[in-house]
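Just the heavy atoms: all of them, side chains too, but no hydrogens, waters or symmetry mates, feed the values below.
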Amino acid sequence: TGKWLLLEDIDYAAKDVVSTLLPILENNLLPIPGMSEVVTSRVGFQIFATQRTNANGQPLFSSEASLLDKHWNVVHVSYPAVEELETIISQTFPNLSSTASKIIQIFRGISLETTESHFQIELLKRKITLRDLMKWCRRIQNFVNGLEAINLEGIFL
């Protein structure tokens, strides 16, 4: 059966990527450049793509990827509630379950700053997202795993 392909931030895709995706989305065919061969997608093959949007669900900026818009079924996913975030962190990073609420509190404070004042991470030139939260948790988990014993409560006081 066909595999699934996840394309994150399709709105950042280069023109050549978009032009490669069009025949796949339109005809389930992938022409191989430089050869006269065409690959047909298998039954069950799916493409999922994410795109960054504003609070109204509109793309943050116009890009070449807008050529693909007519081929997508759009699903808007809102941020999880605080309780859901705590559950996600506690189950994904068990060592952080005792401090999940404090981590989320810090994350929400920073992400609200980026939303309300248009503050952006200076090096990345973008707003802070849930992806950043998960990266932070992974890094904290790796840090904790590298120590013999640690009182996480003391770190987040």
Mind checking the [atom1]-[atom2] spacing from [X] to [Y]? Nearest 0.5 Å is all I need.
{"X": "Ile88", "Y": "Cys137", "atom1": "CD1", "atom2": "SG", "value": "10.0 Å"}
{"X": "Ile89", "Y": "Phe107", "atom1": "CD1", "atom2": "CZ", "value": "8.5 Å"}
{"X": "Glu86", "Y": "Glu84", "atom1": "CD", "atom2": "CD", "value": "11.0 Å"}
{"X": "Gln141", "Y": "Thr92", "atom1": "CD", "atom2": "OG1", "value": "9.5 Å"}
{"X": "Trp72", "Y": "Ile47", "atom1": "CH2", "atom2": "CD1", "value": "5.5 Å"}
{"X": "Asn27", "Y": "Thr40", "atom1": "CG", "atom2": "OG1", "value": "10.0 Å"}

Quick one: do His71 and Leu22 satisfy side-chain contact (heavy atoms from CB on, under 4.5 Å)? Show the steps, please. CA-CA 9 Å; His71 300 287; Leu22 277 171; 4.0 Å; yes
Does some side-chain heavy atom of [Y] sit less than 4.5 Å from a side-chain heavy atom of [X]?
{"X": "Arg108", "Y": "Gln105", "result": "no"}
{"X": "Val144", "Y": "Phe93", "result": "no"}
{"X": "Leu133", "Y": "Ile103", "result": "yes"}
{"X": "Ile10", "Y": "Leu21", "result": "yes"}

Give the cluster check for [X] versus [Y]: same hydrophobic cluster or not, with ILVMFWY residues linked at side-chain heavy-atom distances below 4.5 Å.
{"X": "Val17", "Y": "Leu30", "value": "yes"}
{"X": "Leu6", "Y": "Val18", "value": "no"}
{"X": "Leu5", "Y": "Val38", "value": "no"}
{"X": "Leu130", "Y": "Met134", "value": "yes"}
{"X": "Phe45", "Y": "Val39", "value": "yes"}

Just by distance, do the side chain of Ser90 and the backbone of Thr87 share a donor-acceptor pair under 3.5 Å?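 Flag not set: sc Ser90 to bb Thr87 has no pair under 3.5 Å.
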So, using ring-ring contact (aromatic ring centres under 6.0 Å, His included) as the criterion, who are the partners of Phe48 when residues are at least two apart?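 Trp4.
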Of all heavy-atom pairs between Asp9 and Arg131, which one has the smallest distance, and what is that distance?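 Of all heavy-atom pairs spanning Asp9 and Arg131, the closest is OD2-NH1, 3.2 Å.
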